[in-house]
Number of protein chains: 2
Amino acid sequence: MPKPAYHHGDLPQQIHQRALATLREQGEAAITLRTLASQLGVSATALYRHVTDRQSLLAELAIHGFRMLRERLLAVPTGNDRHALIGIGRVYVRFARDEPNLYRLMFSGHLFEKGSHPRLDAAGLGAFGVLENTVARAQQNGYLKPAPLAVYTAAAWSLVHGLSQLIIDGHLDDPDEQLATALSAILIDGTHTRPDTGRPHPTGETP
Amino acid sequence: MPKPAYHHGDLPQQIHQRALATLREQGEAAITLRTLASQLGVSATALYRHVTDRQSLLAELAIHGFRMLRERLLAVPTGNDRHALIGIGRVYVRFARDEPNLYRLMFSGHLFEKGSHPRLDAAGLGAFGVLENTVARAQQNGYLKPAPLAVYTAAAWSLVHGLSQLIIDGHLDDPDEQLATALSAILIDGTHTRPDTGRPHPTGETP
DNA sequence: GGTGCAATGTTAACGGCGTTAACTTAATGC
DNA sequence: GCATTAAGTTAACGCCGTTAACATTGCACC
């Protein structure tokens with residue numbers, strides 16, 4: 001077995017892991033450097049060797065969250081446009097429901113002065129890009145009406161983001177993801193060009 | 001002129017006003033009872049005669065916000081269903097953009113354990129009710145397809161709430177409310193039954 | 001293989017916060 | 001006029017993030 005590196009072990013990773021656990025269990029406000037340090041059996045100021053700030057630590061967690069979200073979105077099958085779009089919506093909302101505190105942190109804009117954590121911004125774009133690609137592909141396939149891509153992606157993102165927030169804050173209930181599915185479908189049915197529901201990989205034909 | 005009541009004057013109102021101003025200018029985190037008290041020329045603990053908690057004070061501000069939002073939404077003309085729906089969307093998003101910090105507070109679910117501030121929940125429902133009524137009316141008028149009202153309201157709320165959040169957090173830009181309009185229209189065009197754009201007060205006819 | 005250096009960790013301390021307790025002052029009700 | 005009670009005060013507790021000054025450990029290099 002590898003003997004523990006340096007003094008403590010891999011403090012950096014342990015900080016991250018413990019902070020993430022606390023975030024999941026008790027929310028962002030419960031993350032304090034002092035208790036975090038004591039849980040790791042280390043003095044409070046030791047953390048500052050590996051973390052510049054409480055903010056930076058939170059930003060790191062948010063980055064982790066965006067990467068998780070991105071991977072989940074990437075796992076949605078893309079063969080059929082409609083299924084892909086609805087799948088993205090469902091998986092997005094499911095992620096928020098599975099990780100409410102993490103999701104809240106990721107989108108707590110007041111904490112992260114936009115631009116002060118470039119890697120965070122990049123991670124956010126990374127996740128958003130998957131959604132954007134899905135919409136773009138559906139449009140290129142002719143499944144969505146020709147309209148500015150930015151408008152469709154904004155609509156899709158707003159819908160799933162809003163629904164996620166409302167669900168995790170207890171304003172809406174969606175035990176079986178019926179809402180997520182229905183809302184995605186409503187949006188799509190207002191924007192697509194064909195009434196079909198399952199044709200994979202359309203090759204240019206238009207109604 | 002009325003001489004100042006009691007010791008200080010109307011501390012309760014002044015607390016509320018000053019806190020609201022700080023919220024608007026610097027965000028929720030900047031609201032501290034100590035600086036608030038010192039700004040009002042009063043000791044920190046004096047506030048506790050009029051406010052049970054920092055949380056309660058914040059809840060009060062949020063309530064105020066929901067009432068403001070409600071009034072703005074009520075001012076949207078209702079004569080034409082489509083215009084009413086789009087108007088609701090625009091006004092909603094405009095409110096969030098006008099009062100980003102207040103809006104964030106209103107929907108910072110992690111601060112207000114749902115149920116712990118009944119008046120806040122009521123105020124939230126009050127604002128939501130306006131949106132719900134608008135959707136319900138459009139549906140009764142036959143402008144929206146018959147579908148569960150809860151689904152349509154959830155869709156509408158999710159869309160405007162998500163868009164608001166994304167805008168005030170800097171993820172989306174919408175300088176001229178074009179996005180708010182376009183997104184509302186997209187959602188409506190997927191849910192309405194008639195292609196008309198301006199008939200006021202339909203009286204039961206269906207296509 | 002000793003040694004200097006940089007990485008890592010520690011204690012002490014500062015200023016700020018929300019909040020409680022105990023006490024003082026002022027207005028009101030009878 | 002006087003008791004009651006509302007309104008405000010000071011002192012203090014415990015927590016927090018963060019900085020400064022100091023101690024220790026492992027590694028690179030001669």
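Every chain is numbered from 1 and lettered A, B, ... according to where its sequence line falls, protein lines coming before strand lines. Quick caveat: nothing in here was measured; it's all calculated off a predicted structure.
- Defining each end axis of the helix from dG1(C)-dC30(D) to dC30(C)-dG1(D) as the rotation carrying four pairs' C1' atoms onto the next four, with five pairs an end, the two axes are found to diverge by 0° to 10 degrees.
- Between the side chain of Asp53(B) and the main chain of Ser56(B), no donor-acceptor pair closer than 3.5 Å is present.
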Problem - Stepwise ring pair (Phe, Tyr, Trp, His ring centres under 6.0 Å) test for Phe107(B) and His171(A) - result: CA-CA 10 Å; Phe107(B) 286 96; His171(A) 297 295; 5.8 Å; yes
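- dG8(D) atom C1' lies 11 Å from atom CD1 of Ile15(B), rounded to whole Å.
- With rounding to whole Å, Leu40(A) atom CG is found 16 Å from dT10(C) atom C1'.
- One can place NE2 of His50(A) at 13 Å from C1' of dA6(C), the figure rounded to the nearest angstrom.
- The nearest whole Å value for the distance from the CZ atom in Arg49(A) to the C1' atom in dT10(C) is 10 Å.
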Between the protein and nucleotides 17-20 of chain C, are there any N/O to N/O pairs under 3.5 Å, and if so, what are the atom names and distances?
{"residue": "dC17(C)", "atom": "OP1", "partner": "Thr32(B)", "partner atom": "OG1", "Å": "3.4"}
{"residue": "dG18(C)", "atom": "OP1", "partner": "Leu33(B)", "partner atom": "N", "Å": "3.0"}
{"residue": "dG18(C)", "atom": "OP2", "partner": "Leu33(B)", "partner atom": "N", "Å": "3.1"}
{"residue": "dG18(C)", "atom": "OP2", "partner": "Arg34(B)", "partner atom": "N", "Å": "3.2"}
{"residue": "dG18(C)", "atom": "N7", "partner": "Arg34(B)", "partner atom": "NH1", "Å": "2.4"}
{"residue": "dG18(C)", "atom": "O6", "partner": "Arg34(B)", "partner atom": "NH1", "Å": "2.8"}
{"residue": "dT19(C)", "atom": "OP1", "partner": "Asp53(B)", "partner atom": "OD1", "Å": "3.0"}
{"residue": "dT19(C)", "atom": "OP2", "partner": "Tyr48(B)", "partner atom": "OH", "Å": "3.1"}
{"residue": "dT19(C)", "atom": "OP2", "partner": "Arg54(B)", "partner atom": "N", "Å": "3.1"}
{"residue": "dT19(C)", "atom": "O5'", "partner": "Tyr48(B)", "partner atom": "OH", "Å": "3.3"}

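- Shortest non-hydrogen contact noted between Leu131(A) and Ala156(A) is CD2-CB, 4.0 Å.
- Atom CD of Gln14(B) and atom P of dA7(D) are 15 Å apart (whole Å).
- Under the rule for a salt bridge (charged side-chain N to carboxylate O under 4.0 Å, His left out), the partners of Arg94(B) that lie at least two apart in sequence or sit in another chain are Glu177(B).
- Ring pair Tyr103(A)/His161(A): centre-to-centre distance below 6.0 Å.
- With respect to the salt-bridge test (charged N to carboxylate O, under 4.0 angstrom), the residues Asp98(A) and Arg72(A) qualify.
- Less than 4.0 Å separates DNA chain D from no heavy atom of any residue of residues 104-118 of chain B.
- The list of salt bridge (Lys or Arg N to Asp or Glu O under 4.0 Å) pairs with a residue in residues 57-66 of chain B, not counting sequence neighbours, reads Glu60(B)-Arg119(B).
- For Arg54(A) and Glu28(A), the salt-bridge test passes: some basic side-chain N is under 4.0 Å from an acidic carboxylate O.
- Distance, Leu11(B) CG to dA26(C) P: 16 Å, rounded to whole Å.
- Taking atom CG of Leu58(A) as the reference point, atom P of dC16(D) lies 14 Å away to the nearest angstrom.
- Legend: ring-ring contact (aromatic ring centres under 6.0 Å, His included) pairs involving residues 11-48 of chain A, not counting sequence neighbours, sorted by first then second residue: His16(A)-His64(A).
- Taking the six-membered ring where tryptophan is involved, the planes of Trp157(B) and Phe128(B) are tilted, since the angle between them lies from 30° to 60°.
- Using a cut-off of 4.0 Å between Lys/Arg side-chain N and Asp/Glu carboxylate O, Arg104(A) and Asp169(A) are scored as salt-bridged.
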